[in-house]
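Worksheet: one structure, shown below.
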Amino acid sequence: MNATWESDEPAAPLKLGPSGWLRVILRGLPLALLVFGGLLVLLLVRIVERPLFGLRRPMTPYITQFVCRNAFRILGIPFSSSGELMKAQGAVVANHSSWLDIFALNARKRVYFVSKSEVANWPGIGWLARATGTVFIDRDPRQAKEQTRMFQDRLHAGHKLLFFPEGTSTDGLRVLPFKPTLFAAFFADELRADMHIQPVTVIYHAPEGEEARFYGWWGDMDFGPHLLKTLGARRQGRVELIYHPPVRVAHYAGRKQLAADMEKTVRAGLEPVLSAPEKP
């Protein structure tokens, strides 16, 4: 999807004083070393892993998970989760608010993101995505059978696929309608009987004294300033994941019903936080 969500109120401009820039350096250098060092280790392990195990990847997902967990430690952002992780074959769907979602969802569970095919060609990000096993899809209906086969191969290899059904990111204060087209492949005869979906709510609690959408990254916002703002924050907030009970695709009449139910569940996890009174 090319359309992105935009807020009626523009994001606050980046403001960092000398101490903020010092925090950027003290957090940014270790974070870069962790991410790119982890990527190098992953690529080296993958040289051995790929010819021996193919799609199964029994080792490299642990490297990704190690990097993501420790990224939050370096940033100073507490991370918590609740609910049971799905053990059955299937996919995970979540709301999308920030580039931090990738770290948060990988930190708790070894997953493989499903992304639009254009991301594979993005400088830097595309390389990282390919290295970590991201599944790239083309939204062309003519590719439906090929994508179903791709999902089937990944699921049979034990992968848990992760989708953002909103099709875009927001400020973290809402859940947009889930797009039914992204659930269509799960109803293919080859997948429907054994396929499960686990909805996950990703919640960002802003640092004390900051606006509630502090960690939100949406629309045409540049990555660089948002990263600097996060690195330079004097106080950090926290990230919370709620893993809701998984459901069987076979129990639903079609993709629209499934998408609506997953949307309702994910939104219900976010609503108590939004309705809570602000701290003085």
Can you give the donor-acceptor pairs under 3.5 Å from side chains of residues 94-107 to other protein atoms, not counting sequence neighbours?
unit_1 : atom_1 : unit_2 : atom_2 : d
N95    : OD1    : V202   : N      : 2.8
N95    : ND2    : V202   : O      : 2.9
H96    : ND1    : D101   : OD2    : 2.6
S98    : OG     : L100   : N      : 3.1
S98    : OG     : Y215   : O      : 3.1
W99    : NE1    : H226   : ND1    : 2.8
D101   : OD1    : Y204   : OH     : 2.5
D101   : OD2    : S97    : N      : 2.7
D101   : OD2    : S98    : N      : 3.1
N106   : ND2    : I102   : O      : 3.3

> If every non-hydrogen atom of P180 is compared with every non-hydrogen atom of A259, which pair is closest and at what distance?
Replying inline: CA-CB, 3.9 Å
>> What verdict does the side-chain contact (heavy atoms from CB on, under 4.5 Å) test give for L39 and V35, after you've listed the backbone C-alpha separation in whole Å, the side-chain angles of each residue and the deciding distance to 0.1 Å?
In response: CA-CA 6 Å; L39 176 62; V35 172; 5.7 Å; no
>> For R213, give me all partners under salt bridge (Lys or Arg N to Asp or Glu O under 4.0 Å), at least two apart in sequence or on another chain.
In response: E211
>> How close do L241 and F79 get, counting heavy atoms only, and between which atoms?
In response: CD1-CZ, 3.7 Å
> Testing L176, V175, T201 for side-chain contact (heavy atoms from CB on, under 4.5 Å) with R267, which one passes?
Replying inline: V175
> Is a donor on one side and an acceptor on the other found under 3.5 Å between the side chain of R50 and the backbone of V45?
Replying inline: no
> Is any side-chain heavy atom of Y243 less than 4.5 Å from a side-chain heavy atom of E84?
Replying inline: no
> Given side chains that start at C-beta, do those of M195 and R248 come closer than 4.5 Å, heavy atoms only?
Replying inline: no
> When you look at V24 and L227, which way does the side-chain contact (heavy atoms from CB on, under 4.5 Å) test go after all the steps?
Replying inline: CA-CA 9 Å; V24 168; L227 173 63; over 6 Å; no
>> If we count only N and O atoms by modelled type, under 3.5 Å, do the side chains of E49 and T60 hold a donor and an acceptor together?
In response: yes
>> Centre-to-centre under 6.0 Å for F186 and Y252, is that the case here?
In response: no
>> If you take the centroid of each ring, where Trp contributes its six-membered ring, are F151 and Y112 closer together than 6.0 Å?
In response: no
> With side chains defined as the heavy atoms from C-beta onward, is the minimum distance between Q89 and H156 less than 4.5 Å?
Replying inline: yes
> Hey, are H205 and E240 close enough side-chain-wise for a donor-acceptor pair under 3.5 Å?
Replying inline: yes
> Hey, are the side chains of R255 and T181 touching, using non-hydrogen atoms and a 4.5 Å cut-off?
Replying inline: yes
> Taking the six-membered ring for Trp, are F183 and F178 parallel (under 30°), tilted (30 to 60°) or perpendicular (over 60°)?
Replying inline: parallel
> Could you give the distance from NZ (K15) to CG (L228), rounded to the nearest 0.5 Å?
Replying inline: 16.0 Å
>> Please say yes or no: joined through hydrophobic side-chain contacts below 4.5 Å, possibly via intermediate residues, are L52 and L42 part of one cluster?
In response: yes
>> Between R192 and D189, does any NZ, NE, NH1 or NH2 come within less than 4.0 Å of an OD or OE carboxylate oxygen?
In response: no
> Will you find, in the side chains of S81 and R108, an N or O donor that is under 3.5 Å from an N or O acceptor?
Replying inline: yes
>> Taking L31 as the starting point, is it possible to reach F223 by hopping between hydrophobic residues whose side chains are less than 4.5 Å apart?
In response: yes
> With side chains defined as the heavy atoms from C-beta onward, is the minimum distance between K160 and R110 less than 4.5 Å?
Replying inline: no
>> Is there a continuous path of hydrophobic side-chain contacts, each under 4.5 Å between heavy atoms, that joins I63 to V48?
In response: yes
> Hey, are the side chains of L191 and V249 touching, using non-hydrogen atoms and a 4.5 Å cut-off?
Replying inline: no
> Within 45° of the six-membered ring axis of F214 and under 6.0 Å from that ring's centre, is NZ or CZ of K229 located there?
Replying inline: yes
